[in-house]
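Proteins come first, then strands; the chains are lettered A, B, ... in the order of their sequence lines, and each starts at number 1.
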Amino acid sequence: MPERPFFERDARQVAIELLGMELHRRINGAHLAVRIVETEAYLGVADRAAHSFGGRCTPRNRAMWGPPGHAYIYFTYGMHHCLNVVTEPEGVPSAVLIRAGEPIEGIELMARLRKRGADPAHELASGPAKLCQALALDLGLNGTDLLTADELWLERPRQAPRWTIRCGPRVGIDYAADWKRRLLRFAPAGHPHVSRPPPDRPLRRSRPVDDGFGPA
DNA sequence: TTCAAGATTTCCT
DNA sequence: GGAAATCTTGAAA
């Protein structure tokens, strides 16, 4: 399990390093887990696409301002939940949206938790709201400390996957002016469990957190 | 006080 | 391809 300093960093770096990590959930004695395969970084008060843009602090997004390594789960469109991992030190409101996961444990229960039920495995958690549905995540787990909770936690895989990570623009933020062009979405090249056609730009080795748009 | 839009998904045409 | 579902938030009136 990653330690607190892992999360206390730039959201872009955390977003990249969360790929391949396992997200575990215990519910009513059952054990569910997915391998994280798609993330997006949301960069604090300057990011027009972030809930924290302009220094906004509301009852909904309060967890973003809290200590790193906690869950920020929000309700949207009147019917969906989305899971984020809070990054940067307390008081710096940035987070990583977990957009998709590959089911690795409790697949049958996940299928039951999904409303559609009969989805093939690669569609059980291929989207931020689908992932929350498959893992039974809702506002009751908002603010959960992922380093200490029994119901929701992260684990490093026994063997780190040798993926080629690609980046691209974030999804569903057309309103965010220039920020919609920034390359803050990350996924393994060609991975079948991502939410939509995957990002296709290579990360530059010389600048591992380069988003193609210059420094934050 | 009212309204429009959203870090989405699903169903219908 | 388009619309519905329907809570939260910020902006307009």
Side-chain angles (χ1 to χ4, degrees), chain A residues 7 10-12 14-16 18-19 23 34 36-66 70-88 92-101 103 110-144 166-187 192-199 211 213 216:
Chain A
F7 301 101
D10 187 298
R12 290 168 292 191
V14 177
I16 292 166
L18 278 174
L19 294 173
L23 177 65
V34 301
I36 296 170
V37 298
E38 186 181 351
T39 57
E40 285 179 357
Y42 287 85
L43 306 182
V45 300
D47 184 349
R48 296 193 77 90
H51 292 163
S52 52
F53 172 65
R56 281 198 282 266
C57 182
T58 65
R60 179 169 81 151
N61 76 351
R62 194 180 317 279
M64 283 188 87
W65 294 81
H70 288 236
Y72 165 42
I73 298 176
Y74 66 88
F75 187 56
T76 190
Y77 292 101
M79 58 193 315
H80 293 304
H81 297 277
C82 295
L83 168 69
N84 296 253
V85 176
V86 176
T87 61
E88 303 266 12
V92 182
S94 72
V96 175
L97 173 68
I98 309 299
R99 281 196 59 88
M110 287 188 213
R112 286 203 297 275
L113 287 165
R114 293 265 300 131
K115 286 187 177 128
R116 283 174 59 103
D119 281 339
H122 73 277
E123 291 179 12
L124 284 177
S126 57
K130 291 177 174 181
L131 181 138
C132 284
Q133 219 177 65
L135 294 177
L137 302 178
D138 58 24
L139 292 180
L141 288 164
N142 185 32
T144 296
R166 298 297 174 100
C167 62
R170 293 172 292 182
V171 174
I173 56 157
D174 285 348
Y175 57 89
D178 282 349
W179 284 84
K180 74 183 179 194
R181 288 162 32 210
R182 301 184 72 145
L183 306 178
L184 295 172
R185 174 171 170 243
F186 307 97
H193 290 253
V194 299
S195 64
R196 51 187 76 197
D211 62 4
F213 202 74

Both distances under 3.5 Å, Watson-Crick or G-U wobble: on that basis, could you give the dot-bracket string for DNA chain C, with [ ] for crossing pairs and | for other-strand partners? |||||.||||||.
Ring centre gap for A:Phe75 and A:His80 strictly below 6.0 Å: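 No, too far apart.
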Does C:dC7 have OP1 or OP2 under 4.0 Å away from a side-chain N or O of A:Thr76?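 No.
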Can you tell me if the side-chain N/O atoms of A:Arg56 get under 4.0 Å from OP1 or OP2 in C:dT9?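 No, no such contact exists.
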What nucleic acid atoms does [X] come within less than 4.0 Å of, heavy atoms only: base, sugar-phosphate, or nothing?
{"X": "A:Leu97", "result": "base"}
{"X": "A:Tyr77", "result": "base"}
{"X": "A:Arg170", "result": "nothing"}

Do the side chain of A:Asn84 and the main chain of A:Ala95 share a donor and acceptor less than 3.5 angstrom apart?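 Such a contact is absent between A:Asn84 side chain and A:Ala95 backbone.
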Backbone of A:His193 reached by a side-chain donor or acceptor of A:His122 within 3.5 Å: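 Not confirmed, A:His122 side chain does not pair with A:His193 backbone.
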Find the distance [X]:[atom1] to [N]:[atom2] and express it as a whole number of Å.
{"X": "A:Trp179", "N": "B:dG6", "atom1": "CH2", "atom2": "P", "result": "19 Å"}
{"X": "A:His81", "N": "C:dC7", "atom1": "NE2", "atom2": "C1'", "result": "10 Å"}
{"X": "A:Tyr74", "N": "C:dT6", "atom1": "OH", "atom2": "P", "result": "19 Å"}
{"X": "A:Arg48", "N": "B:dA5", "atom1": "CZ", "atom2": "C1'", "result": "15 Å"}
{"X": "A:Phe53", "N": "C:dT9", "atom1": "CZ", "atom2": "P", "result": "17 Å"}
{"X": "A:Arg60", "N": "C:dG10", "atom1": "CZ", "atom2": "P", "result": "8 Å"}
{"X": "A:Asn84", "N": "B:dT8", "atom1": "CG", "atom2": "C1'", "result": "14 Å"}
{"X": "A:Ile98", "N": "B:dT8", "atom1": "CD1", "atom2": "P", "result": "14 Å"}

Under 4.0 Å between a side-chain nitrogen and a carboxylate oxygen: does that hold for A:Arg185 and A:Glu38?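 Judged by the 4.0 Å cut-off on N to carboxylate O distance, A:Arg185 and A:Glu38 do form a salt bridge.
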For A:His80 and for A:Thr58, locate the closest nucleotide of DNA chain C by heavy-atom distance; then report the residue assigned to the nucleotide nearer the 5' terminus.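 Going by which nucleotide is closer to the 5' end, it is A:His80.
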Side-chain touch A:Pro93/A:His51, heavy atoms, less than 4.5 angstrom: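 Result no, sub-4.5 Å side-chain heavy-atom pair not found.
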Distance from A:Leu18 atom CG to A:Phe7 atom CZ, nearest 0.5 Å?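 Between A:Leu18 CG and A:Phe7 CZ, I get 6.0 Å after rounding to 0.5 Å.
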With a cut-off of under 6.0 Å to the ring centre and 45° to the axis, is A:Arg99 in cation-pi contact with A:Phe186?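 Because its charged atom misses either the 6.0 Å distance or the 45° angle limit, A:Arg99 does not stack over A:Phe186.
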Looking at A:Trp179, does the NZ or CZ of A:Arg182 lie under 6.0 angstrom from its six-membered ring centre and within 45 degrees of the ring axis?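 Pair A:Arg182/A:Trp179 counts as cation-pi.
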Give the intermediate values and the outcome of side chain to side chain contact (heavy atoms under 4.5 Å, CB included) for residues A:Tyr72 and A:Asn61. CA-CA 7 Å; A:Tyr72 165 42; A:Asn61 76 351; 3.5 Å; yes
Nearest to side-chain heavy atoms of A:Arg114, which nucleotide of C:dT8, B:dT8, B:dT9: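 Taking heavy atoms from C-beta onward, the closest nucleotide is B:dT9.
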Between A:Ser195 and A:Ser126, does any side-chain donor sit less than 3.5 Å from a side-chain acceptor?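 Looking only at side-chain atoms, A:Ser126 and A:Ser195 do not form any donor-acceptor pair under 3.5 Å.
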List in numerical order all residues of residues 128-143 of chain A for which some heavy atom is under 4.0 Å away from an atom belonging to DNA chain C.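 Those residues: none at all.
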